[in-house]
Amino acid sequence: MSNPAPSSARLRIGRPAWLSSPKVARVEILAGLVVALALIPEAISFSIIAGVDPSVGLFASFTMAVTISIVGGRPAMISAATGAVALVIAPLGHDRGLGYLVAAVVLGGVFQILLGVLGVAKLMRFVPRSVMVGFVNALAILVFLAQVPQLHDVPWAVYPLLGAALLIMVFLPRLTKVVPAPLVSIVALTALTLGAGIAVPDVGGEGRLPSSLPTPGIPDVPYNTDTLTTIAPYALALALVGLMESLMTAKLVDDITDTRSNKTRESIGQGVANIVTGFFGGMGGCAVIGQTMINVKNGARTRLSTFLAGVFLMVLCVVFGSVVSDIPMAVLVAVMIMVSVGAFDWHSIAPATLKRMPIGETTVMVVTVVIVVATGNLAVGVVVGSITAMIIFARRVAHLADVNAVVDPDGDSVVYHVTGEMFFASSNDLVYRFDYPNDPDHVIIDLTDAHIWDASTVATLDAITTKYARFGKTVEITGLDERSAAIHGNLTGELSRGH
């Protein structure tokens, strides 16, 4: 009998693991609590970026987490209000107000469902490993940089608190892992600051926490064509950025947990979560990598932790708001610093790795990191990194194409043996590899060891045939495999029509 497969099968068709194992339930509950605590200041910060009341970001984190825990395709992944989504919709909120913003969130969710049904998740296969490494490293840098403002122009007591929190999270796991070290540091150092009367920036200083649960409603906008044309560009941008970050995060969690997620379900689930969030007056969101890393690193592997992260978030705000407001920001900064250090792929920049890695792979990783850090947008970095990887790959493969000529002993013909993958990058120079005026009257182009991939190659072969025809010579193309013959047969002689 095999080992891992039956276990995952039982999780799908039987009772959830957390329901049958008190140990698993404890891990999931505690991880969800730590995530909820870490979500509060970030959701408030993202609300400020979007130009809305802090409760709008907190409501979004609550509804996104709870909804995605049910309809999402990646267990243990956290979805909430994010900086990328806040940046996308901020101009609309500033110009038109909250009603238009939440309407864009709802429409963005609809777009995400459509993209999910159309199979956008399959595009993840075109994201190279070097881009993924760059994505992770850039994310770690962004998480760290986001903490720097909290350490600037603050009371001196912030720094000892930060150091103490880091020490707890580094050394406590070596003694016991029964309780997550981040949770211990939050509780212990909050009690210390309150008991000793230490005045330091706290969560309450970031914004007012909501005192009641969100209520559903429809966006307060005119329902006409003008509204649709106004919100559609923002909704589409939200959909694309949200899906990009969510699918990349899902792939990262897949690698960390050695499990496979349903990317199509995740795409559709993100859409459903944003629609729900919009109708509850939230600012929308997507998978949030920092809190996801906290969740996974604390051992969470099921949907329970994601669900409880959202539930605990609202409970902490509504019921224990006064206590949560007293949590020192220094402790939460320390949690996020540990997340950034743990998320960074240190092996990727080790001298031994860089020495062995092809220069193209390293270049793609660096480009991804630089673009993400410069723009603050993970999606832009992934797109630019993927395009860079494709260009480098095309240049590399283009040099693998070669042409060798063999003249028949009687001088009546010449055979050109073409080898390699023939596409736009490799076939463009092919036309210059033939001796048109001096070759015999019969020219054979043997493509047995080559493959035609695109119309550019067919156009090049047509150009070669035309050049030989001007000298009264004939060209015979042989050795085409079935796919190449189909492309060539459909396109030859058709590409220059009308010119």
Side-chain angles (χ1 to χ4, degrees), residues 119 122-131 355-365 367 383-499:
K122 295 178 181 178
L123 295 177
M124 286 302 298
R125 72 183 67 178
F126 297 107
V127 178
R129 178 188 177 277
S130 52
V131 173
K355 185 177 180 179
R356 291 193 301 268
M357 191 68 66
I359 186 65
E361 300 285 316
T362 302
T363 300
V364 170
M365 180 190 71
V367 167
V383 171
V384 174
S386 298
I387 292 174
T388 303
M390 292 175 187
I391 293 172
I392 292 174
F393 175 76
R395 287 176 57 86
R396 185 184 304 154
V397 175
H399 295 301
L400 299 179
D402 198 14
V403 179
N404 293 298
V406 178
V407 180
D408 189 75
D410 58 13
D412 292 335
S413 64
V414 60
V415 178
Y416 283 92
H417 292 281
V418 182
T419 59
E421 303 301 319
M422 307 306 299
F423 63 110
F424 62 90
S426 60
S427 61
N428 282 338
D429 293 334
L430 189 66
V431 70
Y432 304 113
R433 305 293 296 275
F434 296 84
D435 190 358
Y436 301 101
N438 300 316
D439 276 342
D441 291 340
H442 185 53
V443 178
I444 300 173
I445 301 178
D446 184 4
L447 299 178
T448 302
D449 297 317
H451 189 94
I452 296 176
W453 285 104
D454 61 6
S456 295
T457 303
V458 177
T460 299
L461 292 174
D462 285 353
I464 293 170
T465 302
T466 301
K467 285 180 178 291
Y468 273 117
R470 291 173 185 166
F471 291 95
K473 301 173 183 181
T474 60
V475 175
E476 180 185 357
I477 298 176
T478 64
L480 293 169
D481 59 43
E482 184 178 351
R483 184 179 179 85
S484 298
I487 295 175
H488 185 265
N490 288 333
L491 297 178
T492 184
E494 301 292 325
L495 300 174
S496 60
R497 182 175 295 174
H499 296 279

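Along the sequence shown, residues carry numbers from 1.
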Determine whether L461 and I452 satisfy the following criterion, side-chain contact (heavy atoms from CB on, under 4.5 Å), listing intermediate values before the conclusion. CA-CA 10 Å; L461 292 174; I452 296 176; 3.8 Å; yes
Less than 3.5 Å apart, any donor N or O on the side chain of H417 or D446 sitting next to an acceptor on the other?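 Yes, side-chain donor-acceptor contact under 3.5 Å.
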Spacing of [X] atom [atom1] and [Y] atom [atom2] [to the nearest 0.5 Å]:
X: T478; Y: L447; atom1: OG1; atom2: CG; result: 6.5 Å
X: D462; Y: T492; atom1: CG; atom2: OG1; result: 3.5 Å
X: D441; Y: T474; atom1: CG; atom2: OG1; result: 7.5 Å
X: I487; Y: E482; atom1: CD1; atom2: CD; result: 11.5 Å

Output every pair passing salt bridge (charged side-chain N to carboxylate O under 4.0 Å, His left out) with a member in residues 467-479, not counting sequence neighbours, ordered by first then second residue.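 For residues 467-479, and leaving out neighbouring residues, there are no salt bridge (charged side-chain N to carboxylate O under 4.0 Å, His left out) pairs at all.
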Compare every heavy atom of [Y] with every heavy atom of [X], then report the nearest pair and how far apart it is.
X: V418; Y: M422; result: CG1-SD, 3.9 Å
X: D402; Y: R433; result: OD1-NH2, 3.0 Å
X: V364; Y: I392; result: CG2-CD1, 3.7 Å

Residues in salt bridge (charged side-chain N to carboxylate O under 4.0 Å, His left out) with R396, at least two apart?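 With sequence neighbours excluded, R396 shows a salt bridge (charged side-chain N to carboxylate O under 4.0 Å, His left out) to no residue whatsoever.
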Checking side-chain contact (heavy atoms from CB on, under 4.5 Å) for the pair V403/Y432: CA distance, chi angles, key distance, verdict? CA-CA 10 Å; V403 179; Y432 304 113; over 6 Å; no
Ignoring hydrogens and angles, tell me if any N or O in the side chain of [X] forms a donor-acceptor pair with the backbone of [Y] under 3.5 Å.
X: D454; Y: T457; value: yes
X: S484; Y: L480; value: no
X: T465; Y: V475; value: no

So do D412 and P440 actually touch side chain to side chain, heavy atoms under 4.5 Å?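 A side-chain contact under 4.5 Å is absent here.
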Between D435 and Y416, is there a side-chain heavy-atom distance shorter than 4.5 Å?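 With C-beta onward as the side chain, the pair touches.
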Parallel, tilted or perpendicular for F434 and Y468, by the 30°/60° rule?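 The arrangement is perpendicular - the two ring planes meet at more than 60°.
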Tell me whether Y436 at atom OH has more than 12 heavy atoms from other residues, nucleotides or ligands lying less than 6.0 Å away.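 Atom OH in Y436 is crowded, with more than 12 foreign heavy atoms closer than 6.0 Å.
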How would you list, by chain and number, every residue that makes a ring-ring contact (aromatic ring centres under 6.0 Å, His included) with H451, sequence neighbours excluded?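 Only W453 meet the ring-ring contact (aromatic ring centres under 6.0 Å, His included) criterion with H451.
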